[in-house]
Amino acid sequence: MRIPFTQVDAFAAQAFEGNPAAVMPLSAWLDDATLLRIAQENNLSETAFLVPDASGAADYELRWFTPTAEIALCGHATLASGHVVLASDPDRARVRFATRQSGVLEVARDGAGYALALPALAPAPRDLPGVVAALGVTPAETLWRDGGYAVAVLADEAAVRACAPDQRALEQEGRLLVIVTAPGDTSDIVSRAFTPAFGIPEDPVTGSAHAIVVPYWAKRLGRDAISAVQASARGGRLGCRLDEERVVLSGTCVTTIEGTFLLP
């Protein structure tokens with residue numbers, strides 16, 4: 001079986017920035033074990049699988065797999081999937097994806113890039129002693145969102161960049177997306193994201209993390225439009241806007257690999 005394969009750097013101005021994702025269109029769903037083995041073979045933070053949506057609710061069904069598990073929400077691989085679909089049809093303005101746990105997501109053209117609408121997942125204060133100890137930080141505040149999202153709000157960008165978590169201890173806290181965030185030096189906010197239980201010690205640029213932190217920062221800053229930097233080694237910049245029940249993220253994508261995956 002031959003499966004088209006495109007690797008895309010999402011939220012990237014040029015190759016080798018942002019977060020790489022594999023986008024693989026299928027005519028019908030393969031079994032879950034095979035999808036996971038393909039994602040393991042790709043060895044990227046996410047592999048996105050697309051199947052035409054026969055229900056009419058969207059253009060495609062979309063699922064995301066890390067090398068260890070299927071996940072409920074992934075922003076950068078959705079942006080990458082939108083890039084692949086829209087780049088193949090210059091006359092098309094937007095594409096809608098039906099997901100299993102996060103509803104229908106849309107990617108639309110936005111100038112030279114794209115706008116991605118994700119559900120706004122506002123977190124609430126909660127003590128997270130195990131996460132804080134594993135991060136090795138002294139947060140001003142800790143937040144939680146059901147679904148496995150933990151946030152530590154730090155004093156400044158320097159504290160975010162200096163964070164050096166104990167990955168083994170963080171993994172033992174469970175299947176969490178752990179975010180450290182603070183006011184930025186050259187942007188409104190800065191963040192980093194860690195997901196060792198999903199086989200990704202640090203995610204380069206994380207759309208779903210901004211679905212969590214943007215509602216918090218919009219309230220704290222008193223405005224809905226926010227510029228963001230994710231301070232990983234690869235790095236990425238995102239435009240962020242809180243639009244009622246949605247967080248709209250804007251960014252550009254770069255295709256780096258096109259080819260065929262040969263499935264035995």
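Quantities reported herein were computed from a predicted structural model and do not represent experimental measurements.
- Under a cut-off of 6.0 angstrom, the local environment of CD in Q40 is crowded, with over 12 non-hydrogen atoms contributed by other residues, nucleotides or ligands.
- Looking only at distances, a side-chain donor or acceptor of Q230 sits under 3.5 Å from a matching main-chain atom of D203.
- Minimum heavy-atom separation, S27 to P52: O-CD, 4.3 Å.
- Counting all heavy atoms, side chain and backbone alike, A48 lies closest to S81 at CB-OG, 3.4 Å.
- Panel note: side chain S227, backbone S187; no donor-acceptor pair is recorded below 3.5 Å.
- A side-chain hydrogen bond (donor to acceptor under 3.5 Å, both in side chains) with D59 holds for exactly one of R92, R96, R94; it is R92.
- Transitive grouping of hydrophobic side chains (ILVMFWY, heavy atoms separated by less than 4.5 Å) keeps L35 and V23 in distinct clusters.
- Here the CE-CG distance, from M1 to L263, works out to 6.5 Å after rounding to the nearest 0.5 Å.
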Salt bridge (charged side-chain N to carboxylate O under 4.0 Å, His left out) for R63 and D32? Distances and angles first, verdict last. CA-CA 10 Å; R63 297 171 70 183; D32 289 5; 3.0 Å; yes
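- Counted within 6.0 Å of CD on E245, heavy atoms from surrounding residues, nucleotides or ligands total 12 or fewer; the atom is thus considered open.
- For Q101 against A72, the heavy-atom pair with the smallest separation is OE1-CB, 3.5 Å.
- With values rounded to the nearest 0.5 angstrom, R234 atom CZ is found 4.5 Å from D9 atom CG.
- To the nearest 0.5 Å, the span separating OG1 on T47 from CZ on R37 amounts to 14.5 Å.
- With hydrogens and angles disregarded, a donor-acceptor distance shorter than 3.5 Å links the side chain of T66 to the backbone of F198.
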Set out, in order, the CA-CA distance, both residues' side-chain angles and the distance that settles side-chain contact (heavy atoms from CB on, under 4.5 Å) for L50 and V84, then state yes or no. CA-CA 11 Å; L50 312 179; V84 169; 5.7 Å; no
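- Heavy-atom contacts from other residues, nucleotides or ligands closer than 6.0 Å to CG of D89 number more than 12.
- Ring geometry for Y60 versus F97: interplanar angle of 30 to 60°, hence tilted.
- A salt bridge between R161 and D185 is absent, with no side-chain N of the basic residue lying under 4.0 Å from a carboxylate O of the acidic one.
- When the side chains of ILVMFWY residues are joined at heavy-atom separations under 4.5 Å, either directly or via intervening members, L154 and V132 end up in two distinct hydrophobic clusters.
- Following chains of ILVMFWY side-chain contacts shorter than 4.5 Å, one cannot reach F16 starting from I257, and the two form parts of different hydrophobic clusters.
- Taking all atoms of both residues into account, the shortest heavy-atom contact from P25 to I3 is O-CG2, 3.6 Å.
- Residues F194 and V180 have side chains in contact (heavy-atom distance under 4.5 Å, counting atoms from C-beta outward).
- Looking only at atom types and distance, the side chain of R175 has no donor-acceptor partner in the side chain of T68 under 3.5 Å away.
- Here the CG atom belonging to L249 is positioned 9.5 Å from the OG atom belonging to S208, to the nearest 0.5 angstrom.
- In the model, W64 has a side-chain atom that pairs as donor or acceptor with a side-chain atom of T78 under 3.5 Å.
- In this structure, the side chains of Y149 and P123 stay at 4.5 Å or more apart for every pair of heavy atoms.
- Checked by atom type and distance alone, the side chain of R109 pairs as donor or acceptor with a backbone atom of L86 at under 3.5 Å.
- In the hydrophobic clustering of this structure, V214 does not group with V178; members are Ile, Leu, Val, Met, Phe, Trp, Tyr whose side-chain heavy atoms approach within less than 4.5 Å, directly or through other members.
- Under a 3.5 Å cut-off, the side chain of D53 and the backbone N or O of A58 do form a donor-acceptor pair.
- With P125 as the partner, the side chain to side chain contact (heavy atoms under 4.5 Å, CB included) test is satisfied by one option alone out of V151, L143, T142: L143.
- A side-chain donor-acceptor contact under 3.5 Å links D166 to the backbone of A169.
- Note that the CG atom of L176 and the CG atom of L170 stand 7.0 Å from one another [nearest 0.5 Å].
- With hydrogens and angles disregarded, a donor-acceptor distance shorter than 3.5 Å links the side chain of R192 to the backbone of C163.
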Test V8 against L79 for side-chain contact (heavy atoms from CB on, under 4.5 Å), laying out the working first. CA-CA 9 Å; V8 176; L79 193 76; over 6 Å; no
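- The shortest non-hydrogen separation linking S45 to P20 is OG-O, 3.7 Å.
- Rounding to the nearest 0.5 Å gives a distance of 9.0 Å between OH of Y216 and CG of L221.
- Between R237 and T186, the closest heavy-atom pair is NH2-OG1, 3.1 Å.
- Proximity of T99 to L73: side-chain heavy atoms (C-beta onward) are nowhere separated by under 4.5 Å.
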Steps toward side-chain contact (heavy atoms from CB on, under 4.5 Å) verdict (M24, N42): CA-CA 11 Å; M24 302 182 67; N42 292 339; 3.5 Å; yes
Report the C-alpha separation of R246 and L118 in whole Å, then their side-chain angles, then the decisive distance to 0.1 Å, and conclude whether the side-chain contact (heavy atoms from CB on, under 4.5 Å) test is met. CA-CA 5 Å; R246 293 276 169 175; L118 298 176; 5.5 Å; no
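- Remark: side-chain polar atoms of D110 are not paired, donor with acceptor, to backbone N or O of G113 under 3.5 angstrom.
- The closest donor-acceptor contact from the side chain of T181 to the backbone of V190 lies under 3.5 Å.
- Hydrophobic clustering of Ile, Leu, Val, Met, Phe, Trp and Tyr side chains at less than 4.5 Å, counting indirect connections, keeps F5 apart from V254.
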